[in-house]
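Read through the structure below, which is laid out as structure tokens, and then see the notes.
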Protein chains: 2
Amino acid sequence: MSITIKDVAKAANVSVATVSRVLNKKTNVSDDAAEAVNRAVKELGYSPNFLGRDLRKSETRRILAIIASTEQSFYSEVLRGMEEAAAVKGYDVLIATTRDDPKHEMHLLGMLFSRSVDGAVLLGPKLDSETISRLGENHNIAMCLERLENCNVLTVTIDNVRAGKDAVNYLISKGRRRIGLITTKQRSQSSIDRELGYMQALEENGIPFDERLVFYGSYEAESGTKGCEALMKLPEKPDAIFSISDMIAIGAMNYALSTGIDIGKEVLFFGFDDIQYSHIFVPHLSTVRQPCFLQGKMVVEKLIENMKSETSDKSIYMLPHSLILRETTGD
Amino acid sequence: MSITIKDVAKAANVSVATVSRVLNKKTNVSDDAAEAVNRAVKELGYSPNFLGRDLRKSETRRILAIIASTEQSFYSEVLRGMEEAAAVKGYDVLIATTRDDPKHEMHLLGMLFSRSVDGAVLLGPKLDSETISRLGENHNIAMCLERLENCNVLTVTIDNVRAGKDAVNYLISKGRRRIGLITTKQRSQSSIDRELGYMQALEENGIPFDERLVFYGSYEAESGTKGCEALMKLPEKPDAIFSISDMIAIGAMNYALSTGIDIGKEVLFFGFDDIQYSHIFVPHLSTVRQPCFLQGKMVVEKLIENMKSETSDKSIYMLPHSLILRETTGD
DNA sequence: CCCTCCGCCGAAAACGTTTGCACAAAAATT
DNA sequence: AATTTTTGTGCAAACGTTTTCGGCGGAGGG
């Protein structure tokens, strides 16, 4: 059916071993033979069957990135980082989506168990910490962006507690004392940590926590709109709102805009993620920027290191974030 | 090193053939043997090496989706369609990004040539039509969303000419006669077709074409802003603007908003794609919606059909689009 | 009682590579 | 000139599966 290395060998009048050697740029092969092989390859339009190769070498030089969906736009930058780091080491990055289904996430990890890829990095896993820990013992798994409590797996992320605290502290430094929080019902670790940061900032500044100021919704923009409405209808309105994601913040601002609130003066808004739209949407949103590219790069570098060595680094690396100050905080 | 089918066979006291049979749910195996094998599999934590399997069966049951980047948010829906159709047939979908680099796109297609995947779908390819046509002769390639002129490859897309015409016709039906067009310098076929639709609509309604009303920029929102500014500074301002993408339209509206133009009355805006943000951004954008999910579903269905049969369907399928009317056209 | 058939199973070939080993010829060293 | 080293090459094993083929034993029909 298909053209194999044997056909090339025959056409070039050499053995398959020799063909393999010139294809893999091994040194001990004569110029004549090499030329003959290359010509045959070109003539026949041969390209090697990686299933055979990978089986023999038992490595695929491929890494699988497992994400929830391609919708979260800031995954894009992380993936670029991953690809860059992978390319340096001669690896390819493949992407697959879990559709928020832990069962399907497990199915995708099957590619790892079945040696179809050499390693996998989880971005926002749906599986529980214990399961991932267990799988991580025998397979090359890493996590990125999102950490999991008690998960003994190589992780690259940011310090979400600190980041949340920094954002809220900034709002406080602008004289705000009544700060709303719009977060999610779904308890991802990053949400939890960012909320924790919010709490800490309040506490450190002697501002009493008021539970009426926190709204639990979903990750949709519409949920932010609802949250903002709820907060603004409080007897004592907030003078600033911290949302745990930019999408939510944009939704919240939509409510504010529609009711004529003077954003950046009357109420300050702070988001998280610095998605592309946060500087397209007017007014421009102040937000926390994650080093997306760097996280992706680092997680792949560390993962590949783990794959090559006997010992396995299971550390949690936290990369520095930064505050991006724009119009919604009056900057 | 790793646990193989041999180990399972030994543990279950049967031959590897039997193990393979129970793993593949073949009928002719006794209940006793099956049970023994299943127990052994569980005990040893065995999972089959797909490299071996795929090599033997010479199929991987995987399809590669090649996209420019994960940034374009409406890819997401297409991918879901692809995954759904693939799952039905027992295939997985992998995603890889070209980073807008034709050379890297070719590298990714190498996965197809090297039998690491059974088929590939190109979404917005960077390679030229001729190259893709040639590769399509010997490999299972399909295109989705974007068609290429003179490209003899299975394609699923929409009728962009017709869609552009419909959008502009709608603006005309609202009494507009001076309609601006914001498009891209980069000549993708969809842009060309949408422009063509714009022209046709004007012509059919006896509106003379005015080249000053068309602005050539990039795909960024900022470019839309610039385009809108340019159009609005014309001696005779447009009374409607059609942008070939929602991102551009949103950028354009940013300019309009900042200069106090009454969107939806003074100037109508029409976008294209119906991205997620087009109904979050206020005012809500009227736009052309593509059947993304359906395109993805169909392209995979057709591709798999091609893979199974000897003959190869190279048709272009055009799925119906629809107009979504919102605030920016006064609806 | 013999033959046939069927259910179940194992041996071995095959898929397409890479690579250790052996070996001849050529080159370099005595 | 005799020895050793180097260079280039081919043979064949190995990677982990699936699947064909044939064999064995027992059941059922004549």
Side-chain angles (χ1 to χ4, degrees), chain A residues 1-38 40-41 44-62 90 110-118 139, chain B residues 1-38 40-41 44-62 90 110-118 139:
Chain A
M1 180 68 72
S2 208
I3 297 152
T4 77
I5 199 174
K6 275 185 200 165
D7 303 319
V8 177
K10 203 166 292 174
N13 251 323
V14 295
S15 73
V16 293
T18 303
V19 176
S20 174
R21 278 189 277 256
V22 3
L23 259 44
N24 293 295
K25 312 220 184 305
K26 293 288 171 60
T27 50
N28 44 344
V29 46
S30 69
D31 293 351
D32 287 2
E35 202 204 348
V37 167
N38 285 324
V41 165
L44 299 178
Y46 166 76
S47 74
N49 184 326
F50 276 19
L51 296 173
R53 163 187 299 198
D54 293 347
L55 174 60
R56 174 58 221 243
K57 302 177 74 148
S58 32
E59 70 162 0
T60 62
R61 300 214 144 234
R62 280 192 280 267
M111 292 193 58
L112 182 58
F113 310 149
S114 63
R115 276 66 119 211
S116 297
V117 295
D118 294 346
H139 297 97
Chain B
M1 180 69 70
S2 210
I3 297 154
T4 77
I5 199 173
K6 275 184 199 163
D7 302 318
V8 177
K10 202 165 292 174
N13 250 322
V14 295
S15 72
V16 292
T18 303
V19 176
S20 175
R21 276 189 279 255
V22 3
L23 258 45
N24 293 294
K25 311 217 186 306
K26 293 289 169 60
T27 50
N28 44 344
V29 45
S30 70
D31 293 351
D32 286 4
E35 202 205 348
V37 167
N38 284 324
V41 164
L44 299 178
Y46 166 75
S47 74
N49 184 324
F50 277 19
L51 296 172
R53 162 187 299 198
D54 293 347
L55 173 60
R56 173 59 219 245
K57 303 177 73 148
S58 27
E59 69 164 2
T60 63
R61 300 214 144 234
R62 279 193 279 268
M111 292 193 58
L112 183 58
F113 311 149
S114 62
R115 275 66 121 213
S116 297
V117 295
D118 293 347
H139 297 96

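Chain identifiers are assigned alphabetically (A, B, ...) following the order of the sequence lines, protein sequences preceding nucleic acid strands; residue numbering begins at 1 within each chain.
- Annotation: of the two residues near DNA chain C, Thr4(A) and Ala17(B), the 5′-most nearest-nucleotide partner is Ala17(B).
- Summarising the geometry, atom CZ belonging to Arg56(A) is positioned 9.5 Å from atom OG belonging to Ser20(A); distances are rounded to the nearest 0.5 Å.
- One can place CZ of Arg115(A) at 21 Å from P of dT17(C), the figure rounded to the nearest angstrom.
- Rounded to a whole Å, the CG atom of Leu55(B) is 12 Å from the P atom of dG16(D).
- Comparing dT18(D), dG10(C), dT17(C) by their nearest atom to the side chain of Arg56(A) picks out dT17(C).
- Ser2(B) and Arg115(A) form a side-chain donor-acceptor contact under 3.5 Å, judged by distance and modelled atom types alone.
- Note that OG1 of Thr60(A) is 12.0 Å distant from CG of Leu55(A), once rounded to the nearest 0.5 Å.
- The side chain of Asn28(A) places no N or O atom within less than 4.0 Å of a non-bridging phosphate oxygen (OP1 or OP2) of dT6(D).
- In this structure, CZ on Arg62(B) lies 4.0 Å from CE on Met111(A), to the nearest 0.5 angstrom.
- In this structure, Asp54(A) places its CG atom 21 Å from P of dA14(D), rounding to the nearest Å.
- Here Ser30(A) reaches the OP1 or OP2 of dT9(D): one of its side-chain N or O atoms lies under 4.0 Å away.
- Put simply, NZ on Lys6(A) is 13 Å from P on dA12(D), counting in whole angstrom units.
- Looking at which nucleotide of DNA chain C each of Asp31(B) and Ser58(B) is closest to, the 5′-most match is held by Asp31(B).
- Contact annotation: Ser20(A) side-chain N/O to dT17(C) OP1/OP2 distance is not under 4.0 Å.
- Between Ser2(A) and the phosphate of dG16(C), there is no side-chain N or O to OP1/OP2 separation shorter than 4.0 Å.
- One atom, CG of Leu23(B), and another, C1' of dT19(D), lie 15 Å apart when rounded to the nearest Å.
- Regarding Lys10(B), its NZ atom lies at a distance of 12 Å from the P atom of dG16(D), rounded to whole Å.
- Looking at every heavy atom in both residues, Val19(B) comes nearest to Val8(B) through CG1-CG1, 3.9 Å.
- Distance Phe113(B) CZ to dT17(C) C1': 20 Å, rounded to the nearest Å.
- Residue Lys26(A) places at least one side-chain N or O under 4.0 Å from the OP1 or OP2 atom of dT19(C).
- Distances from the side chain of Ser15(A) to the nucleotides dC11(D), dT17(D), dT17(C) place dC11(D) closest.
- Atom-to-atom, NZ of Lys57(A) to P of dC15(C) comes out at 22 Å; the value is rounded to the nearest Å.
- Take the nearest nucleotide of DNA chain D for Arg21(B) and for Phe50(B): the residue whose nucleotide is more 5' is Phe50(B).
- Interatomic distance, Asp118(B) CG to Asp54(B) CG, rounded to the nearest 0.5 Å: 8.0 Å.
- Within the structure, every side-chain polar atom (N or O) of Asn49(A) is placed at least 4.0 Å from both OP1 and OP2 of dC15(C).
- At a threshold of 4.0 angstrom between heavy atoms, the contacts of Leu51(B) with the nucleic acid are absent.
- Listed pair Arg53(A) / dG16(C) fails the phosphate criterion, with no side-chain N or O lying under 4.0 Å from OP1 or OP2.
- An OP1 or OP2 oxygen of dC9(C) is reached within less than 4.0 angstrom by no side-chain nitrogen or oxygen of Thr18(B).
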